[in-house]
Asker: 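Take this structure, written in structure tokens, and hold onto it; I'll ask about it next.
Every number for a ligand or one of its atoms is a count from 1 in the order of the listing.
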Amino acid sequence: MSDFLPYAYLNGQFVPFSEAKISVATHALHYGTAALGGLRGLPNPANANEILLFRLEDHCQRLSRSAYYLGYELPMAQIKTTIIKWVQKNRPTVPFYIRPLVYTSGLGIAPRLHDVEKDFLIYGMPLGDYLSAEGVTCRISSWQRQCDRSFPLRGKLTTSYIVSALAKTEAVASGFDEAILLNTQGKVCEASGMNLFLVRDGQLITPSVDQDILEGITRRSVIELAQAAGVTVLERAVDRTELLIADEVFLTGTAARIVPVRRIETYTLPAQRPLTRQLQQQLQTIVTGRDPNYRHWLDIVPIA
Ligand code: PMP
């Protein structure tokens with residue numbers, strides 16, 4: 001399989017990926033007036049004629065709300081139907097990642113959201129599961145995550161990713177795998193493209209939605225799983241110094257699911273990570289369709 005799945009969706013049509021082109025004058029390219037989604041699917045291990053999509057409606061809902069920040073009325077149901085058709089058109093045979101994007105597609109200049117055309121596109125690529133057994137090293141970034149007063153952080157707006165990119169590159173350039181960003185209040189926020197959890201004395205703690213985080217769908221899933229297993233989950237502001245005495249720290253996001261953190265700056269976390277491991281295994285069982293209790297988190301798309 002090539003680097004991308006064969007068909008993209010652009011201007012209301014399915015076209016071969018290589019023909020899905022946009023103009024150099026595209027408004028969103030210049031002003032960051034776009035919002036993205038990112039979700040995963042895989043062939044059902046129990047039936048190759050079916051594709052399993054994880055939390056499709058939640059992803060479509062978030063994209064629809066992100067579009068709303070751009071002044072673009074794009075109902076959740078429309079996104080969902082189009083993604084299902086896109087999957088049926090592509091008939092993926094390996095695990096894959098779907099990237100929908102809403103953007104100002106007009107060719108005019110001047111940043112604005114009114115009087116400019118908008119469009120919705122989709123493309124995708126194969127993306128295998130990667131379970132990082134050893135975990136990642138993190139530095140505390142010198143970059144802060146933007147604050148809600150200056151940016152609609154609940155939407156996955158493309159513009160916010162400049163800070164993620166700066167933080168990630170700074171982390172890698174200084175010998176770490178990943179960055180942990182604080183918010184403008186100096187509280188722990190999230191990684192460059194993942195939410196953050198820590199375990200202290202058996203309790204699971206994660207920055208609450210008023211901490212300028214992206215409201216991650218994996219984050220919400222992990223909270224529900226932990227609560228169902230009887231674990232106390234605290235959503236609250238998290239101090240930087242708590243990270244340095246945590247029993248376990250892990251990151252969550254669609255692409256990598258749950259990634260253990262093995263070191264933060266000079267603090268090496270304990271090698272035993274019982275809760276991280278438990279949640280990793282449970283999520284893996286769910287996304288591959290093997291847990292009947294969480295069947296409602298999967299959409300099954302027939303491709304035969
Ligand atoms: N924060 C940011 C900045 C992200 O880009 C992502 C990935 N979408 C996440 C958190 C995790 O969100 P989700 O679990 O919905 O993928």
Asker: For atom 16 (O) of ligand 1, find the nearest protein heavy atom and state the residue, atom name and distance (0.1 Å precision).
Answerer: Thr254 OG1, 2.6 Å
Asker: Between Leu214 and ligand 1, which residue portion shows a heavy-atom distance shorter than 4.0 Å: side chain, backbone, both, or neither?
Answerer: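 The answer is the side chain.
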Asker: Under 3.5 Å, is there a donor on one side chain and an acceptor on the other for Arg262 and Thr137?
Answerer: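 No, no side-chain donor-acceptor contact under 3.5 Å.
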Asker: Same cluster or not: are Tyr161 and Met125 linked, directly or through other Ile, Leu, Val, Met, Phe, Trp or Tyr residues, by side-chain heavy atoms under 4.5 angstrom apart?
Answerer: yes
Asker: What's the shortest heavy-atom distance between Tyr72 and Asp119, and which atoms?
Answerer: CE2-O, 3.6 Å
Asker: Report, in ascending order of atom number, the atoms of ligand 1 lying under 4.0 Å from any heavy atom of Gly216.
Answerer: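 Counting atoms of ligand 1 from 1, those under 4.0 Å from Gly216 are 12 (O), 13 (P), 14 (O), 15 (O).
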Asker: When you measure from atom 6 (C) of ligand 1 to each heavy atom in Gly38, Gly193, Ala167, which option holds the nearest one?
Answerer: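 When every heavy atom of Gly38, Gly193, Ala167 is considered, Gly193 comes closest to atom 6 (C) of ligand 1.
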Asker: Are any of the N/O atoms in His59 less than 3.5 Å from those in ligand 1?
Answerer: no
Asker: Is the closest N or O pair between Arg145 and ligand 1 shorter than 3.5 Å?
Answerer: no
Asker: May I ask which of Ile217, Thr252, Leu153 has a heavy atom nearer to atom 13 (P) of ligand 1 than the others do?
Answerer: Ile217
Asker: Among all protein heavy atoms, pick the one closest to atom 5 (O) of ligand 1 and tell me residue, atom and distance.
Answerer: Tyr161 OH, 2.5 Å
Asker: Contact between ligand 1 and Arg62 is defined here as a heavy atom of the residue under 4.0 Å from a ligand atom; is it met?
Answerer: yes
Asker: Do the ring planes of Tyr9 and Phe14 sit parallel (below 30°), tilted (30 to 60°) or perpendicular (above 60°)?
Answerer: tilted
Asker: For atom 11 (C) of ligand 1, state which one of Leu196, Asn195, Ile213 supplies the nearest heavy atom.
Answerer: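 Residue with the shortest heavy-atom distance to the ligand atom: Asn195.
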Asker: Where's the contact between Lys156 and ligand 1, heavy-atom distance under 4.0 Å: side chain, backbone, both or neither?
Answerer: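 It is the side chain that touches ligand 1; the backbone stays farther off.
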Asker: Students often mix this up, so state it plainly: with edges at 30° and 60°, are the rings of Phe54 and Trp297 parallel, tilted or perpendicular?
Answerer: perpendicular
Asker: With the threshold set at 4.0 Å, does a side-chain nitrogen-carboxylate oxygen contact exist between Lys80 and Asp299?
Answerer: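 A salt bridge links Lys80 with Asp299.
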Asker: Are Glu235 and Arg219 within salt-bridge range, i.e. N to O under 4.0 Å?
Answerer: yes
